[in-house]
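We name chains A, B, ... by the order of the sequence lines, and we start the count at 1 in each one.
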4 protein chains.
Amino acid sequence: MSNRKREILDVAIKLFNEKGCINTSTRHIADDLGISVGNLYYYFKNKEEIIIYIYQTFMDEVSTRITLLKDDDIAFDYYEFLIDQMDFELNYRFIRLEMNNIISKYPSVKEAFQKGIQIKLKQMKNLFLHQIKYGYIKEIEDIELEFIISNSWIIITQWEIFWIINNIKDERVRREKGVLNLLYFMKPYLTTKGLENSNLLTSIKYLEKGTK
Amino acid sequence: MSNRKREILDVAIKLFNEKGCINTSTRHIADDLGISVGNLYYYFKNKEEIIIYIYQTFMDEVSTRITLLKDDDIAFDYYEFLIDQMDFELNYRFIRLEMNNIISKYPSVKEAFQKGIQIKLKQMKNLFLHQIKYGYIKEIEDIELEFIISNSWIIITQWEIFWIINNIKDERVRREKGVLNLLYFMKPYLTTKGLENSNLLTSIKYLEKGTK
Amino acid sequence: MSNRKREILDVAIKLFNEKGCINTSTRHIADDLGISVGNLYYYFKNKEEIIIYIYQTFMDEVSTRITLLKDDDIAFDYYEFLIDQMDFELNYRFIRLEMNNIISKYPSVKEAFQKGIQIKLKQMKNLFLHQIKYGYIKEIEDIELEFIISNSWIIITQWEIFWIINNIKDERVRREKGVLNLLYFMKPYLTTKGLENSNLLTSIKYLEKGTK
Amino acid sequence: MSNRKREILDVAIKLFNEKGCINTSTRHIADDLGISVGNLYYYFKNKEEIIIYIYQTFMDEVSTRITLLKDDDIAFDYYEFLIDQMDFELNYRFIRLEMNNIISKYPSVKEAFQKGIQIKLKQMKNLFLHQIKYGYIKEIEDIELEFIISNSWIIITQWEIFWIINNIKDERVRREKGVLNLLYFMKPYLTTKGLENSNLLTSIKYLEKGTK
DNA sequence: CATGAATGAGCTTTCATTCAT
DNA sequence: GATGAATGAAAGCTCATTCAT
């Protein structure tokens, strides 16, 4: 990918996160970069394509970040995973926050989202099954597991709007709250072994100090 | 409130839910009602005010719907409450789905949202404390309770986007999935007494049949 | 139709004829009239609609101009009909001259054109049949008649481009040449009775003087 | 002319005929050929020049195609001439169909057209005079001949728009109709000798079968 | 010869809002 | 109360053309 294309995407991501994707015009992006609109359209055939490229970048980064769990008796590292994950997701906040508006305005983006979500859900299921197998997470019936996973997805992607409305203005603080949201969500599903051997509880304690 | 004002709000709500708030123009609302744009602006000074009024209507209805729990030893009626609650929330879906865009475009709406969320959270907390007091829900430390409640809010308000992206096209089916999301979310917090005496488990079973 | 709507159409017709329909932007029209573009779009939902309205106006005027031939033994008045017809057609020159470009850019205009042409062809056929019946025009086989009529249409609608390229700059002179094109085209089909009793030959003579 | 220049013209002609000259961008031409826009502008200083070159190519081919009638007593071969002529004109349809737009957008193209038309008219006149001399076509006064020739030009160049609007979608069928337009146009001017000795009538019969 | 990045003006269209009547 | 004409800014996008390399 050419440098300029990268630059456009970077500026677009920045502005989308700052002001919202819907509220950011192609001219805004061009102006911010100091190029002409025509030039922007030389690299991308329309705004939809910009969004799709951003989403692909996002998904690519997601893939490289996957904690590949080998089939070993090892507890999941909640802290590292979540801090890392959410930190990086902040760079693409607009995707979660404006998902519905984006979908209804740019239909082909919806397809990209649908593919992306399938991958995420599979990864999450594998993670759960692994932790169940080695006794870190309690046995769960399959149908319940499906809903636990969808609840995880909802919390992972939608926590931020809650803290925005609750007027937490510091992005970093928000993110820590978001991590706590997920840690507390997971807590009841852990076995005694899970609570004793994973870093879930210590992570909670560590983050709660920071939050105060 | 004058009849006309009410009519405008009703049409606005209808269109916002159908096509999205951002995609619905003031002219569109006026046309649908069969009045002039000028007249619409006689009743509301701008689009922002319409949204705020809708949100107030929404909050008012929320209040009247509150299951006022007396201080009695009685299990919470999950089924009736959630079905009723979510059914009614469908009438204001756009608020949840476009929350972020609305906030960033109409800053004064944010304040209304902030007030509204405080009320909701207080209600939810009372409910939890009541059920804990009578042994239907496990004892929970205060800080954990805060996050359980924020997680509840996130799931209650944000479940729909998950099922939309997962291509569940029937609104009714989506809503039932949403109810299941919350029921499964609550399940681990219930005591044995809670599981035996509340209708949470039977509600789950009942809804799972329908969903298939 | 409101005055403003009429004004917009009039300015549009003027500019379309002067600079071409394709080369005239909606902003040109608005500027020429001294109104805002927004206002123009208040009256017409898009440029296509403007064109269709113009074409309808055109066809309506065509209808009122139809020489309704009763079933009497009377020679067709070439002069009055053609001078009148072509004079008025000058006001809508762009339709003939840019037909192909308009059709390919505004598909729904094509349908309007198609309907219009059918009416025209029917009228022309009736006229021929009437003149044949009373011996002013020679007997013609049906299939030949079809092609004579299509040739008439081609000449009636497309003569102007010939005289433009041949550098006849005066619109009035061009029109007289156009009339002569059609008179000469008709000439071979007239019977002796036709030549003696209609004003075709005298019209030719009259116009030729003017042209020189 | 360099090969590359030729290639550009060929692609331009192809695209102009397919999608219209006005609707074909320089970038489109370059892409179709697989060269850069910059390179295209190395060979032609602007789009206008491309059109002029195409028109010159067109006129050159016209010249080579001229049936040079020697001063012999021989009937004109309508069929071969017209099929050949119109077949080849299909390759430059856009010139006839968009003539007016092209002229008003690219004024210097107009001059080229003007020169071209003069040549054509002269050829046609020679042809008529030759056939009159040997009694195939009736005697015609000079001024009438001028108009017959201009009518021929109009029909030869403008027939297609009629059949396009009449929804004849097959190019080949359209062309045959166009040939018939001209054959029928010529018919009344032929003498008995002309009708008996030329292939005009047989051509008509032959083509009418195909058209049905 | 050839590339392809860059420009800037222009296009059609939408929309919240105002205001004279 | 009610109308609806009017505004002007802004949106997404296209295109002929230029120019450094």
Next item on the list: Please round to the nearest 0.5 Å and tell me the distance separating atom CD1 of B:Ile164 and atom CD of B:Glu171.
Entry: 8.5 Å
Notebook entry, point to check: Rounded to the Å, how far apart are A:Asp31 CG and F:dA10 C1'?
Noted result: 12 Å
Notebook entry, point to check: Side-chain contact, heavy-atom cut-off 4.5 Å: D:Ile103 with D:Val109?
Noted result: no
Notebook entry, point to check: Is any side-chain N of the basic residue among A:Arg27 and A:Asp31 closer than 4.0 Å to the acidic one's carboxylate O?
Noted result: no
Next item on the list: Identify the two heavy atoms, one from A:Lys47 and one from A:Thr24, that lie closest to each other, and give their separation to 0.1 Å.
Entry: NZ-O, 2.8 Å
Next item on the list: Just jot down the ring-ring contact (aromatic ring centres under 6.0 Å, His included) partners of A:Tyr43, sequence neighbours excluded, or say none.
Entry: none
Check: Can you name the side-chain hydrogen bond (donor to acceptor under 3.5 Å, both in side chains) partners of B:Lys5, sequence neighbours left out?
Finding: B:Tyr53
Next item on the list: Find out whether C:Ile35 and C:Ile8 are in side-chain contact, i.e. whether some heavy atom of one side chain is under 4.5 Å from a heavy atom of the other.
Entry: yes
Next item on the list: Flag the pair A:Leu9 / A:Met1 as yes when at least one side-chain heavy-atom distance between them is below 4.5 Å, and no otherwise.
Entry: yes
Checklist line | Derivation of the side-chain contact (heavy atoms from CB on, under 4.5 Å) call for B:Tyr42 and B:Arg4 | finding: CA-CA 11 Å; B:Tyr42 174 80; B:Arg4 186 44 54 96; over 6 Å; no
Anything under 3.5 Å between a protein N or O and an N or O of nucleotides 2-5 of chain E, put it in a table, one pair a line.
residue : atom : partner : partner atom : Å
E:dA2   : OP2  : D:Tyr43 : OH           : 2.5
E:dT3   : OP2  : D:Ser36 : N            : 3.2
E:dT3   : OP2  : D:Ser36 : OG           : 3.4
E:dT3   : OP2  : D:Asn39 : OD1          : 3.4
E:dG4   : O3'  : A:Tyr42 : OH           : 2.6
E:dG4   : N7   : D:Gly38 : N            : 3.4
E:dG4   : O6   : D:Gly38 : N            : 3.4
E:dA5   : OP2  : A:Tyr42 : OH           : 2.3
E:dA5   : O5'  : A:Tyr43 : OH           : 3.2

Next item on the list: Give a yes or no on whether the backbone of C:Glu160 and the side-chain of C:Arg93 come within a donor-acceptor separation of less than 3.5 Å.
Entry: no
Next item on the list: Check each residue of residues 5-19 of chain C for a non-hydrogen atom within less than 4.0 Å of any atom in DNA chain E, then write out the ones that pass by number, or none.
Entry: none
Notebook entry, point to check: For residues 96-103 of chain D, which residues have at least one heavy atom under 4.0 Å from DNA chain E?
Noted result: none
Margin query: According to side-chain hydrogen bond (donor to acceptor under 3.5 Å, both in side chains), who are the partners of B:Asn167, at least two apart in sequence or on a separate chain?
Written below: A:Gln114
Next item on the list: May I have all residue pairs that pass ring-ring contact (aromatic ring centres under 6.0 Å, His included) and include part of residues 2-38 of chain B, sequence neighbours excluded?
Entry: B:Phe16-B:Phe94
Next item on the list: Measure the shortest side-chain to side-chain distance between C:Tyr92 and C:Thr57 over non-hydrogen atoms and say whether it is less than 4.5 angstrom.
Entry: yes
Item checked: Separation of C:Asp10 CG from C:Ile29 CD1 (nearest 0.5 Å) -> 11.5 Å
Margin query: So does B:Ile50 get a backbone contact from the side chain of B:Lys45, meaning a donor-acceptor N/O pair under 3.5 Å?
Written below: no
Check: Which residues in residues 48-56 of chain C have at least one heavy atom lying under 4.0 Å from any atom of DNA chain F?
Finding: none
Notebook entry, point to check: If you check the B:Asn46 side chain, which of E:dT13, F:dT17, E:dT17 turns out closest?
Noted result: E:dT17
Notebook entry, point to check: Below 4.0 angstrom from OP1 or OP2 of F:dC13, is there any side-chain N or O of A:Tyr41?
Noted result: yes
Next item on the list: Enter the distance from D:Thr157:OG1 to C:Ile161:CD1 here, rounded to the nearest 0.5 Å.
Entry: 8.5 Å
Next item on the list: Among residues two or more places apart or on two chains, list those pairs meeting side-chain hydrogen bond (donor to acceptor under 3.5 Å, both in side chains) that have a residue in residues 97-110 of chain D.
Entry: C:Asn23-D:Ser104, C:Glu98-D:Asn101, D:Glu48-D:Ser108
Margin query: I'd like to check the side-chain hydrogen bond (donor to acceptor under 3.5 Å, both in side chains) partners of A:Asp32; sequence neighbours left out, ordered by chain and number.
Written below: A:Lys14
Item checked: Inter-nucleotide P distance (E:dC1, F:dT21), Å rounded -> 23 Å
Checklist line | B:Asn3 CG to F:dA2 C1', straight-line distance once rounded to whole Å | finding: 16 Å
Notebook entry, point to check: Considering only heavy atoms, which members of residues 22-29 of chain C lie under 4.0 Å from some atom of DNA chain F?
Noted result: C:Arg27
Item checked: Base-pair map of DNA chain F as dot-bracket, where | denotes pairing with a different strand and pairs are Watson-Crick or G-U under 3.5 Å -> .||||||||||||||||||||
Notebook entry, point to check: Quick one: C:Lys47 NZ to E:dG10 P, roughly how many Å, whole number?
Noted result: 15 Å
